[in-house]
There are 2 protein chains.
Amino acid sequence: MAPGSPPTMRSVARLAGVSMMTVSRVLTDPEMVAEETRGRVHDAIAKLGYVPHRGASSLRSGRTGFIAAVLPTLVNANFADTAHGITGTLRARGYQLVVGYTLYRLDEEERQVHSLLARRPEAIVVAGTVHTRETTRALLDSRLPIVEIWDLPQHPLDRAVGFSNHEAGRAAARFLLSLGHRRIAAIGPSAEGPARDHRGEARVAGFRAALEEAGLGGDVAVQPCPPPMSFTEGAVAMAELLRRMPDIEAVFAVSDLVAFGAMMECRRRGVDVPGRVSILGFGDFELGRQSVPTLSTVRIDAYAIGERAAQVIVEALGRDAPQGPEGRIVDLGFRIEPRESTRARAPQERHLG
Amino acid sequence: MAPGSPPTMRSVARLAGVSMMTVSRVLTDPEMVAEETRGRVHDAIAKLGYVPHRGASSLRSGRTGFIAAVLPTLVNANFADTAHGITGTLRARGYQLVVGYTLYRLDEEERQVHSLLARRPEAIVVAGTVHTRETTRALLDSRLPIVEIWDLPQHPLDRAVGFSNHEAGRAAARFLLSLGHRRIAAIGPSAEGPARDHRGEARVAGFRAALEEAGLGGDVAVQPCPPPMSFTEGAVAMAELLRRMPDIEAVFAVSDLVAFGAMMECRRRGVDVPGRVSILGFGDFELGRQSVPTLSTVRIDAYAIGERAAQVIVEALGRDAPQGPEGRIVDLGFRIEPRESTRARAPQERHLG
DNA sequence: CTGAAAGCGCTTACAG
DNA sequence: CTGAAAGCGCTTACAG
């Protein structure tokens, strides 16, 4: 093995006594090469410890084998699940995922999209449907298959895989209303500052809309916290909510992590869940299935979003890509999963309204 | 903009009326180009929506700007934190992280290392110190800076950043012993099957060693579960432990997630924590700081591991790389963090031994 | 079944 | 301050 630079295809060819083309064929289409020749090439590869230079082959072939993904963070089991879902499907087909984190910032998303695009991915997956004008332009100019995930845009840039956050929020509100609750609040992302969770905001907006439809607009309190929201933010927001609305009956939290934090705050204060307050989370994190009480939630399948996005990419990269608007949006839906943290109010407790 | 293929540096040069070299300089060393010329080039870039082709530039310059990381999974806040720690430091220096997941399998690690190496990263970070012979060979043959993280090998392949899992396990045992517990068990990874958590196994081994030093070897029960371990595995293991050792006094769980699952199982069974059983976790996940009761844990700093690994890489890629064995191993240590889930046994409860 | 030539899109190493 | 030539390590497109 050369002491300096790593072995090249040329060095393998030389050692095996064949041309570079033959080495190349052994690597990409072995059947095409005589068995005896193939053996010599394999021996040379092993002897030199040759690792093909994917960047060089990409340059000539025009196929990098990269799929780019732009996600807010991976320190969130939901997005990590989605990333695994993408990888699981793509790995078998020889693609590699390059991920960029935005930390919930659109300006950072723009930067990530730019540096990801410079790697010439064959498709790009991006969380959310809200982007800067420049991000949108860059994405569109790339002429790559684009899959927006985790929400359902009216007009996708290209394709989309997800569910309606707005509808999920509405469903959450209707569920709590159906339990007889009237003093209801939400814990959601603040709509200010550089870090924004637009999908969480959509859920809260849908939640608010449903309560207003029910004539309860005035009673909706939304406790905002800056993304990324987790346990601590949920606990802090719940404390504030209990102060502002001592008679609060139900809370919808923008994620199960936030809901869990809120639930723990209740326990610390001796507020019984679901006896006094019902808490509904979102996302169906494993945590909520194991906690005591178990957490009622809006179930979505984060892994499936990734898996489906990957399938959409494979399809788009194939010849039979759908051209019309149909089939370009995949709605994976959501489902209310009632568990122990929510409970119907007893009839005598119910309000007149 | 060309309808077919994306704009190239050549097309930018043509439009700006300069040579490709000038365009290249505007991109990499703008100071070198006359302001007026630079302006024309920037206009052409904007007009065409030109995105430099990083793969092509890498091929010629020999610098890909990739750093590879091989981690078990990202669906674990600890490893996701480490990934963020690496990115945080590297992003500013223009590096991009390419991650491969092993799903706790050494054969998958081998595959990932191979396909990652084909991307010609400038350095490689790999979780753990146990690798297949072939992985070790490929890593060493690459002559790249290698940083093994999340443990401290006796003889690192190159460099290492982490802490001693074995010592952490011993410290866990000594802590529970110091509280007066004698009927002690551990919940750890099973050492069979294709998926293995070698770092978790090391913690359990250290735990067992400390108990044996204390003459309590006979009392150690280890409840194994296949990785990745989380809430459910912890709950199942705790149920089994309570069946096997009804008089159990303390449990060390290989991670906070497992510990939380165990704690919830205790609550479901009316077993008071820490009243009847003390539970000690590992990893200092945010969950443990918010749960009720809060979870005593062995605190390690996952983000710092990533951050430090990135610094080590930057240093190794620089000229002043340390050559001797000194400075090649960074021990970030750990610390027992007693919280509410562990409690000392009252004197009258204590065993004679 | 195998190979010689050309070129993917940039940057290096010169030269002026 | 700017440019012409060569080449990074492969694969395409031929040819035999």
Side-chain angles (χ1 to χ4, degrees), chain A residues 2 4-42 44-45 48-66 94 115 117-122 142, chain B residues 2 4-42 44-45 48-66 94 115 117-122 142:
Chain A
S5 44
T8 63
M9 187 177 272
R10 170 177 270 92
S11 66
V12 173
R14 210 143 26 200
L15 183 61
V18 296
S19 72
M20 281 173 61
M21 263 323 297
T22 299
V23 178
S24 178
R25 287 195 186 97
V26 168
L27 261 21
T28 56
D29 195 1
E31 308 294 274
M32 232 178 153
V33 180
E35 195 176 323
E36 194 267 345
T37 315
R38 212 189 305 159
R40 286 212 318 278
V41 171
H42 275 137
I45 288 175
L48 295 174
Y50 171 65
V51 178
H53 189 307
R54 199 77 156 64
S57 85
S58 298
L59 183 59
R60 181 66 240 239
S61 71
R63 300 202 47 222
T64 59
F66 280 133
S115 62
L117 249 21
R119 298 295 183 178
R120 295 294 187 273
E122 299 181 36
S142 76
Chain B
S5 45
T8 63
M9 187 176 274
R10 170 178 270 92
S11 65
V12 173
R14 210 144 25 202
L15 183 60
V18 297
S19 71
M20 282 175 57
M21 261 323 295
T22 298
V23 178
S24 177
R25 286 195 187 99
V26 168
L27 263 20
T28 56
D29 196 358
E31 308 293 277
M32 232 178 154
V33 179
E35 198 175 324
E36 194 268 344
T37 315
R38 213 190 302 159
R40 288 211 316 279
V41 171
H42 275 136
I45 288 175
L48 295 174
Y50 170 65
V51 178
H53 189 309
R54 198 78 155 65
S57 86
S58 297
L59 182 58
R60 181 63 242 236
S61 72
R63 299 203 48 220
T64 59
F66 280 134
S115 59
L117 250 20
R119 297 295 182 179
R120 295 294 188 273
E122 299 181 35
S142 76

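Chain A is the first sequence line, chain B the second, and so forth, proteins listed ahead of strands; every chain is numbered from 1. What you see is a predicted model; the values in this text were computed from it and never measured.
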[X] [atom1] to [N] [atom2]: how many Å, rounded?
X: A:Arg25; N: D:dC14; atom1: CZ; atom2: C1'; value: 11 Å
X: B:Met21; N: D:dC1; atom1: CE; atom2: C1'; value: 12 Å
X: B:Leu27; N: C:dT11; atom1: CG; atom2: P; value: 7 Å
X: A:Met32; N: C:dG3; atom1: CE; atom2: P; value: 12 Å
X: A:Glu31; N: C:dT2; atom1: CD; atom2: P; value: 13 Å
X: A:Asp29; N: D:dT11; atom1: CG; atom2: P; value: 12 Å

Ignoring backbone atoms, establish whether B:Thr22 has a side-chain N or O less than 4.0 Å from OP1 or OP2 of D:dG3.
->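 Answer yes for this pair, as a side-chain N or O of B:Thr22 is under 4.0 Å from OP1 or OP2.
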
Just how far is it from atom CZ of B:Arg14 to atom CE of B:Met20, taken to the nearest 0.5 Å?
->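 Spacing of CZ (B:Arg14) from CE (B:Met20) equals 10.0 Å.
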
Within a strict 4.5 Å, meaning less than it, do heavy atoms of the [X] and [Y] side chains meet?
X: A:Arg119; Y: A:Ser58; result: no
X: A:Leu27; Y: A:Tyr50; result: yes
X: A:Ser11; Y: A:Leu48; result: yes

Could you tell me whether B:Ser58 contacts a base, only the sugar-phosphate backbone, or nothing, with contacts defined as non-hydrogen atoms closer than 4.0 Å?
->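 B:Ser58: no heavy atom of the nucleic acid under 4.0 Å.
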
Between the side chain of [X] and the main-chain N/O of [Y], is any donor-acceptor distance below 3.5 Å?
X: B:Arg38; Y: B:Val33; answer: yes
X: B:Arg40; Y: B:Ala16; answer: yes
X: A:Arg120; Y: A:Thr64; answer: no

Where do N or O atoms of nucleotides 6-10 of chain C meet protein N or O atoms at under 3.5 Å, pair by pair?
{"unit_1": "C:dG7", "atom_1": "N3", "unit_2": "A:Arg60", "atom_2": "NH1", "d": "3.4"}
{"unit_1": "C:dC8", "atom_1": "O2", "unit_2": "A:Arg60", "atom_2": "N", "d": "3.2"}
{"unit_1": "C:dG9", "atom_1": "N2", "unit_2": "B:Ala56", "atom_2": "O", "d": "3.2"}
{"unit_1": "C:dC10", "atom_1": "OP1", "unit_2": "B:Tyr50", "atom_2": "OH", "d": "2.8"}
{"unit_1": "C:dC10", "atom_1": "OP2", "unit_2": "B:Met9", "atom_2": "N", "d": "3.0"}
{"unit_1": "C:dC10", "atom_1": "O5'", "unit_2": "B:Tyr50", "atom_2": "OH", "d": "3.2"}

Go through C:dT2, C:dG3, D:dG3 for me and flag the one nearest to the B:Val18 side chain.
->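 Of C:dT2, C:dG3, D:dG3, D:dG3 is nearest to the side chain of B:Val18.
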
Where the side chain of A:Ser19 is defined as all heavy atoms beyond and including C-beta, which of D:dT2, C:dC1, C:dA4 is the nearest nucleotide?
->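 So the side chain of A:Ser19 is nearest to C:dA4.
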
A:Arg63: what forms a side-chain hydrogen bond (donor to acceptor under 3.5 Å, both in side chains) with it, not counting sequence neighbours?
->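 Partners of A:Arg63 by the side-chain hydrogen bond (donor to acceptor under 3.5 Å, both in side chains) criterion, ordered by chain and then number, come out as A:Tyr95, A:Glu122.
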
Dot-bracket assigned to DNA chain C with the 3.5 Å Watson-Crick/G-U criterion, [ ] for crossing and | for other-strand pairs, is |||.||||||||.|||

Write down the atom of B:Gly49, the atom of B:Pro7, and the distance for their closest heavy-atom approach.
->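 Looking at all heavy atoms of both residues, the closest pair is O-CG, 3.9 Å.
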
